[in-house]
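Below you'll find the structure, written out as structure tokens, and then a few comments.
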Amino acid sequence: MREDGMPIVDEDLARYVQQLESIFVDLRGRGVQWTPDDVGRAARWRAAGVPLAVARRVVAARVAALRHVHGETAAVPFELRHYERALSAAMGGRNGLARLERAVANPWAAFDGQPTGRPAAATMATDAPSGPLAWIAALAREGQTLQADDPAVRVATDKAVRELATLLTRDLDDEALLEGVAKIRTSLRKRLLKGIGSAAAADLKAELDASTPNGLGKEALREREAIRTEAWLSAHYGARWPTLDGWCTA
């Protein structure tokens, strides 16, 4: 019997539910109060073979998108129904991962219903490429045409474009391709931080430290720092980042 009075069918399911809960505790910085519907959904996720690692990735992406749009104080829904669409996309085979990436690019695409105050036009997903290979190829082509004023941005972006082109030559499945793009974006961010010099990097760190909220888990803090760092680099140096909509400022 759970603390909230909900019965658990077996110990394996109990552990699965507890680990799902820990994902939300880490990302939200506080606990959750699940209803029978949430426990039922968790049981269906486990029965469908949903890995906890995939669930964490989906939830982390949604939380990061919400905070990017509405700030760190945005209320993060913990009910599992809000994440089921994106999770289904993640588990949906070859094209499923592309749909997940589109959901992450559109902060509301994975949610059931339209949040209050959000214009309907803003919830419409843009046309997505047929799969990760087509998307990465388009990014590599567009990247070759980018013109950056700052030398550090030019060098770092050119390196990222070459890495994207190399990624296309590797025999990888869709998930590995998408993870490869995520790593390239992370490397781009790190190269830019190194290229702008220690003084500018110190200014950025001071801004981040001054606005770091209390009570966030490690994963949430990392996501927050990455989002704010990219936004700062875009604002100060015109840096662009590989997204489903092409190379965009953060």
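One-based numbering along the sequence shown.
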Minimum heavy-atom separation for [X] to [Y], with atom names?
X	Y	result
L52	I23	O-CD1, 3.9 Å
A148	V153	CB-CG1, 3.6 Å
A239	S234	O-OG, 2.8 Å
A140	A165	CB-N, 4.4 Å
P242	L139	CB-CD1, 3.8 Å
L188	T157	CD1-N, 3.8 Å

Worksheet item: If you measure from the Lys or Arg side-chain nitrogens to the Asp or Glu carboxylate oxygens, is any gap between R81 and D38 under 4.0 Å?
Response: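 Salt bridge: no.
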Listed partners of [X] passing side chain to side chain donor-acceptor pair (under 3.5 Å), at least two apart:
X	value
E207	W232
R46	none
K190	none
D12	R15

Worksheet item: Stepwise, does the side chain to side chain contact (heavy atoms under 4.5 Å, CB included) test hold for L192 with Y237?
Response: CA-CA 9 Å; L192 283 173; Y237 293 91; over 6 Å; no
Discussion item. Which residue is it: E79, R41, E21? I am looking for the one with a side chain to side chain contact (heavy atoms under 4.5 Å, CB included) to W34.
Written reply: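 Only one of E79, R41, E21 forms a side chain to side chain contact (heavy atoms under 4.5 Å, CB included) with W34, namely E21.
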At what distance, to the nearest 0.5 angstrom, does [atom1] of [X] lie from [atom2] of [Y]?
X	Y	atom1	atom2	value
D37	L80	CG	CG	8.0 Å
K183	L167	NZ	CG	10.0 Å
T35	Q33	OG1	CD	10.5 Å

Run the side-chain contact (heavy atoms from CB on, under 4.5 Å) test against [X] and tell me which residues pass, sequence neighbours left out.
X	result
R240	L146, W247, T249
E223	A60, A64, E219
Q144	V161
L208	L204, E225, R228, T229

Discussion item. Could you check whether Y83 and F78 have their ring centres less than 6.0 Å apart?
Written reply: no
Worksheet entry | Selection residues 134-146 - residue pairs positive for salt bridge (charged side-chain N to carboxylate O under 4.0 Å, His left out), sequence neighbours left out | none
Worksheet item: Could you give all pairs that pass the salt bridge (charged side-chain N to carboxylate O under 4.0 Å, His left out) test and reach residues 149-167, with sequence neighbours left out?
Response: E163-R191
Fill in: side-chain hydrogen bond (donor to acceptor under 3.5 Å, both in side chains): pairs with one or both residues in residues 196-205, sequence neighbours excluded
K205-D209
Discussion item. In the structure I gave you, are the side-chain heavy atoms of V50 and Y16 within less than 4.5 Å of one another anywhere?
Written reply: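 Result yes, sub-4.5 Å side-chain heavy-atom pair found.
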Worksheet item: Can you find a pair of side-chain heavy atoms, one from R56 and one from L20, that are under 4.5 Å apart?
Response: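 No, side chains not in contact.
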